[in-house]
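Structure record follows, encoded as structure tokens.
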Number of protein chains: 2
Amino acid sequence: MLGESLDPKIAFGKALRRLRKQAGFTQEQLALEADIRRTYVSLIELGQNQPTITVIFRLAKALRCLPSDLIIETEKECWLQ
Amino acid sequence: MLGESLDPKIAFGKALRRLRKQAGFTQEQLALEADIRRTYVSLIELGQNQPTITVIFRLAKALRCLPSDLIIETEKECWLQ
DNA sequence: CTGTAGACTGCAGTCGACA
DNA sequence: TTGTCGACTGCAGTCTACA
């Protein structure tokens, strides 16, 4: 059977970390560009906090991608495996 | 010049209302399927509250669409005008 | 059918410091 | 470079009730 679908907040954290590294950013650089705190980026990536839509848009802008791209990557983490 | 980009939480509310009506749901039916409160759906659609990623995923499931589709519609409200 | 209102609980998000 | 910890503020999200 196919694996259980992953909690969206866990999946988002994994997707964010993957995209951040692809972009060659540290958590600190990403936080700076997204205007949020570095410690909060850490919590999100670890799936210990879930972002609101405003934060999702800020992170996408900082990563120079569309918010929908971030969500598409999250869906992959959620459902592909 | 192009119009100011709309606040994501306002844009999300507009997109949600549009998709909900397209699906032929009332706020109450949507809330029931998404397992959130009807009054909260109202607040989101009016842009008075912004959802977390968990709520975005629940709403998309209830609307039988992908979370990324919901965000794509939000981007349209944000940037196309 | 939808908006609103008040009061409430838990967590999103901040801040500073240290391993 | 990232995780963690404690303490904090504001808001996400609930509940009930009424226009």
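Computed from a predicted structure; not experimentally measured.
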If you go through the side-chain atoms of A/Arg37, does one of them form a donor-acceptor pair with the base of C/dG16 closer than 3.5 Å?
no
[X] [atom1] to [N] [atom2], straight-line distance once rounded to whole Å:
X: A/Ile56; N: C/dG13; atom1: CD1; atom2: P; result: 9 Å
X: A/Gln48; N: D/dG3; atom1: CD; atom2: P; result: 9 Å
X: B/Glu28; N: D/dT14; atom1: CD; atom2: P; result: 14 Å
X: B/Leu59; N: D/dG13; atom1: CG; atom2: C1'; result: 12 Å

At under 4.0 Å, does any side-chain N or O of [X] touch on OP1 or OP2 of [N]?
X: B/Tyr40; N: D/dG13; result: yes
X: A/Arg58; N: C/dA12; result: no
X: A/Asn49; N: C/dA12; result: yes
X: A/Ser42; N: D/dG3; result: yes
X: A/Thr52; N: C/dG13; result: yes
X: B/Arg17; N: C/dG3; result: yes

Counting any heavy atom closer than 4.0 Å, what does [X] reach on the DNA or RNA strands: base, sugar-phosphate only, or nothing?
X: A/Gln29; answer: nothing
X: B/Val55; answer: sugar-phosphate
X: B/Leu46; answer: sugar-phosphate
X: A/Gln50; answer: sugar-phosphate

Nearest-nucleotide wise, let me know which of A/Ile36 and B/Thr39 is further upstream toward the 5' end of DNA chain C.
B/Thr39
